[in-house]
J.: 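Got a structure here, written out as structure tokens. Questions coming.
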Amino acid sequence: MDGLSQFLDAILAIGLSADIVTVVWATLLGIVVGMIPGLTATLGVALVTTLTFTMAQNTAILVLICVYIGAIYGGGRTAILLNIPGTPANAASALDGFPLAKQGRAGDAMAVATTGSFLGSMIGMLGLAVLAPWLAEFALDFTSFEFFWLAVFGVVLCGQLTAMDDPLKGWIAGFFGLLVALVGQESLHAYSRYTYGFTDLEAGFGLLPVLVGAFGCAEVFSVMRSEATQLVRAKMGNVIGAALSVFSYTRTWVRSGVIGTFMGVVPGVGEDMGAWVSYAAAKRASKTPEDFGNGSVDGLLAAEAGNNAAVPGALIPVLTLAIPGSAPAAVLLAAMVIHGLRPGPLIMITQPDFFYSVVAMVFWASCAILVLGLALTRPLLWVLKVRREWLIGIIFVLCAVGSFAIAGRLFDVWVMILFGLIGFVMRETGFPVAPMILGVVLGPILDANFRRSLSLSRGDPVDFVTRPVSAVIAAMVLLMIVLALPPVRRGIGRMLGRSHG
Amino acid sequence: MSLHRTDLFAGLVVTSLGLAALAGAVAMPRFAERNGDPLTAPGITPGIVSGVIAVLGLLLLLRAMLGSGPRDLPVESWPPGAARRTLFTLATTLAYGGATFGQMPFLPATALFIFAFTFGAELMRPDRSRTALSLALWAAVLAGVSAFAIEFLFTDLFLVRLPG
């Protein structure tokens, strides 16, 4: 009950202050960012982080959470009207959203996506409020052994889930990210690794320039490489009626909300998988699975509820373990640290007010996408009419200025371009970028906890697998690797084939 | 099964990177002369991580030589004009980020980049309806307005010092 009253206090604190104006403009900015093909939620949060340096702590995090939630929601519009996802999280929405738009039901599709996103986000918020305090308390008993295994688990799982048909490349990307994080001065002996005399490398690669490069700059190259897109003529119809029709699909949005929240919790996986797994579950549960891919309201609702539920889900490990649940959450984690906040297992003891403020921020951002999404259905279509040739140059300038602004170093701009090129080449050759970013975030955690554990166990590897939680995580890592082996996958496929006759 | 060229090349790069990083990790000091705990030596984690990268790269290499693994990589199916657009994007962004950003005053460097990028990218569109002169005028207006707006936003509103 104490938590509930703190949550209600936090809701009132935002709702009855000037922060409510911040909620409106920041969410609208996020929606616009998400709607523009080529601008991802990660890039949006990273660029806006540079604009929040001079803001008060809570206002800065409020802006970033609103941009994050707005961008994930806004990408659905592009998926519906252009058949290209505004952000990777909306790829599943295009499968049914675009066919609905082609049938002349674009307004209905946008209304369903809006209500679905709101409901999914609300379920995720409940998950955040309930699961995070429990997880934080559980994580208080974690030692370096458990944190080491969590870092390994995050990289291996993210590598596998973001490259389902080719986990080998996902793992390579994840371990490459870990190696990138190890460049620069390490914390135990102050020894400079892989710097080769370059003083700029002493502090390592900055997380934000790497993120802006791998997602923003790489996106600039990818968008310009692709052909230009055509907008579908959007017929609006009865938007409110379509929005309310979502309540006849209660099972779909509740299931998708729960799935999305749990996919968000998994380190580095986030919104994309939240949408895809929810979509697949809705298709399996549907009485008309043949409609999926041909304009199914059920499918669109599942994808949108799933990806938006993953946002609060991704905040759970950020706040309680300081491990991001998704790429935009990684930027948010970095922003929290920049603003002097210390996410981690102690958060419910040292900063419970901040935790409930974050839950209230999610609440207000979700309300904002519902109101803005329904009220501005027609005006927001103008955003999609902006030509990419007019935007991409400006986006690159923002990437450069954003990278430079953090520390005032030109070196960070070059890092951004370098990782833009690396990210572009990775995408083109089938390597997922998300595990690399997770590796960069988890690298310092893995390094410090691995060496601390080695020292504590006097080099005995048995200690790494005899503590109960460590043993469970280690077994899960091993299981994931074994299940990804081609002969094992083929064997499982044959067994499933036989059991289905 | 035919050789998978893209994965073969990627496998070679990954394996080489892993082996080079492993060699670098092995060469890192152990601080025995300072009575440092060898189990906390700086090269331990990079050694293991780069070792794993080398092994995974080798697996990718072997898989590519056997011709197995998923195909249809984006790099193998570029749409018409993609190479020209990518080269143009690379040239303009590298010129801005690597040569003019920080070396020239921010405003002219940025306006010049946005003008060159917008004008060039529009000229490459096969479905463009405007004349080159009209495009140049539009690009110049966009370049001027956006360069001023970005400078105002960062310098005056967010108090960030810009380079140049």
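Per chain, numbering begins at 1; letters A, B, ... match sequence-line order.
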J.: Under 4.5 Å, counting heavy-atom pairs only, tell me which of B:L87, B:T86, B:T89 racks up the most with chain A.
T.: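 Highest number of heavy-atom pairs under 4.5 Å: B:T89.
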J.: Which atoms of A:R427 come close to chain B, meaning under 4.5 Å heavy atom to heavy atom: side chain ones, backbone ones, both, or neither?
T.: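 The answer is the backbone of A:R427.
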J.: What option among B:P79, B:G81, B:A139, B:P80 has the most heavy-atom pairs under 4.5 Å with chain A?
T.: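 Ranked by heavy-atom pairs under 4.5 Å with chain A, first place is B:P79.
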J.: Do the side chains of A:D166 and B:R63 get nearer than 4.5 Å, heavy atoms only?
T.: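 B:R63 vs A:D166: side chains touch.
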J.: Checking B:A41 against chain A: side chain, backbone, both or neither under 4.5 Å from a heavy atom?
T.: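 The backbone, not the side chain.
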J.: Find the one option among A:R458, A:E428, A:K169, A:R451 whose heavy-atom pairs under 4.5 Å with chain B are most numerous.
T.: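 Most pairs with chain B among the choices: A:E428.
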J.: Give a yes or no answer on whether the side chain of A:Y194 reaches the backbone of B:A21 with a donor-acceptor pair at less than 3.5 Å.
T.: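 It does hold such a pair.
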J.: Only pairs of heavy atoms separated by less than 4.5 Å count here; which of A:A181, A:A405, A:S455 has the most with chain B?
T.: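 Of the options given, most contacts go to A:S455.
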J.: Among A:A400, A:G408, A:G443, A:G420, which residue forms the greatest number of heavy-atom pairs with chain B at distances under 4.5 Å?
T.: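 The option with the most such pairs is A:A400.
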J.: Given that the side chain runs from C-beta out, which part of A:W390 has a heavy atom under 4.5 Å from chain B: side chain, backbone, both or neither?
T.: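 Both the backbone and the side chain of A:W390 come within 4.5 Å of chain B.
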J.: B:S146 versus chain A, heavy atoms under 4.5 Å apart: side chain, backbone, both or neither?
T.: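 Side chain of B:S146 only, per the 4.5 Å heavy-atom cut-off to chain A.
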J.: What is the distance from atom CZ of A:R225 to atom CZ of B:R84, rounded to the nearest 0.5 Å?
T.: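 Nearest 0.5 Å value for the CZ-CZ distance: 15.5 Å.
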J.: Which residue out of B:F115, B:W138, B:F88 racks up the most heavy-atom pairs below 4.5 Å with chain A?
T.: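 Between B:F115, B:W138, B:F88, the count favours B:W138.
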J.: Side chain, backbone, both or neither: which part of A:V413 has a heavy atom under 4.5 Å from chain B?
T.: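 For A:V413, side-chain heavy atoms alone lie under 4.5 Å from chain B.
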J.: Output the distance between atom OG1 (B:T45) and atom CZ (A:F148), rounded to the nearest 0.5 Å.
T.: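 Result: 8.5 Å between the selected atoms.
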J.: Under 30°, 30 to 60°, or over 60°: which ring-plane class applies to A:H189 and B:F31, parallel, tilted or perpendicular?
T.: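 Aromatic pair A:H189/B:F31 classed parallel.
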J.: Select one option (side chain, backbone, both, neither) describing which atoms of B:L142 are under 4.5 Å from chain A's heavy atoms.
T.: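 Only the side chain of B:L142 comes within 4.5 Å of chain A.
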J.: Counting only heavy atoms from other residues, nucleotides and ligands, does the tally under 6.0 Å from CZ of B:R30 exceed 12?
T.: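 Incorrect, the count does not exceed 12.
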J.: Quick one: does any side-chain atom of A:R193 pair with a main-chain N or O of B:P42 as donor and acceptor, under 3.5 Å?
T.: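 Answer holds: yes.
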J.: Can you tell which part of A:F450 gets under 4.5 Å to a heavy atom of chain B, answering side chain, backbone, both or neither?
T.: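 For A:F450, side-chain heavy atoms alone lie under 4.5 Å from chain B.
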J.: Report which part of B:T6 has an atom under 4.5 Å of a heavy atom belonging to chain A: side chain, backbone, both, or neither.
T.: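 Only the side chain of B:T6 comes within 4.5 Å of chain A.
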J.: Using every non-hydrogen atom in the two residues, find where B:R85 and A:M224 come nearest and quote the distance to one decimal.
T.: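 Looking at all heavy atoms of both residues, the closest pair is NE-O, 2.6 Å.
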J.: If you measure from CZ on A:F221 to CG on B:L90, what distance do you get to the nearest 0.5 Å?
T.: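 So the gap between those two atoms works out to 5.0 Å.
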J.: For chain A, which of B:T93, B:L17, B:L94 has the most heavy-atom pairs under 4.5 Å?
T.: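 Ranked by heavy-atom pairs under 4.5 Å with chain A, first place is B:T93.
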J.: Would you name the heavy atoms of B:P74 and A:G430 that are closest together and state the gap between them?
T.: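 What the structure gives for the nearest pair is CD-N, 4.5 Å.
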J.: Taking it one step at a time, do A:V401 and B:L153 satisfy side chain to side chain contact (heavy atoms under 4.5 Å, CB included)?
T.: CA-CA 11 Å; A:V401 174; B:L153 183 73; over 6 Å; no
J.: To the nearest 0.5 Å, how far apart are CG in B:L60 and CD1 in A:I172?
T.: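 Interatomic distance, B:L60 CG to A:I172 CD1, rounded to 0.5 Å: 4.5 Å.
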J.: I need the A:F396 CZ to B:F117 CZ distance, nearest 0.5 Å.
T.: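 Spacing of CZ (A:F396) from CZ (B:F117) equals 9.0 Å.
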J.: Please determine, among A:L454, A:L178, A:V425, A:L168, the option with the most heavy-atom pairs under 4.5 Å with chain B.
T.: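 Option with the top pair count is A:L168.
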J.: Counting only heavy atoms closer than 4.5 Å, note whether A:L179 contacts chain B via side chain, backbone, both or neither.
T.: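 Both backbone and side chain.
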J.: If the plane angle is over 60° it's perpendicular, under 30° parallel, otherwise tilted; pick one for B:F101 and A:F404.
T.: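 Ring orientation, 0 to 90° scale: perpendicular.
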J.: Could you tell me the separation between the CZ atom of A:R452 and the OG1 atom of B:T40, rounded to the nearest 0.5 Å?
T.: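 The distance works out to 11.0 Å.
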J.: Evaluate side chain to side chain contact (heavy atoms under 4.5 Å, CB included) for B:V52 paired with A:W171, printing each intermediate quantity in order.
T.: CA-CA 9 Å; B:V52 172; A:W171 293 338; over 6 Å; no
J.: Is any residue of residues 7-16 of chain B within less than 4.5 Å of chain A by heavy atoms, and which ones?
T.: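 Within residues 7-16 of chain B, the residues that come under 4.5 Å of chain A (heavy atoms only) are B:D7, B:A10, B:V14.
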J.: Between A:F176 and B:V49, does the side chain to side chain contact (heavy atoms under 4.5 Å, CB included) criterion hold? Intermediate values first, please.
T.: CA-CA 8 Å; A:F176 173 64; B:V49 170; over 6 Å; no
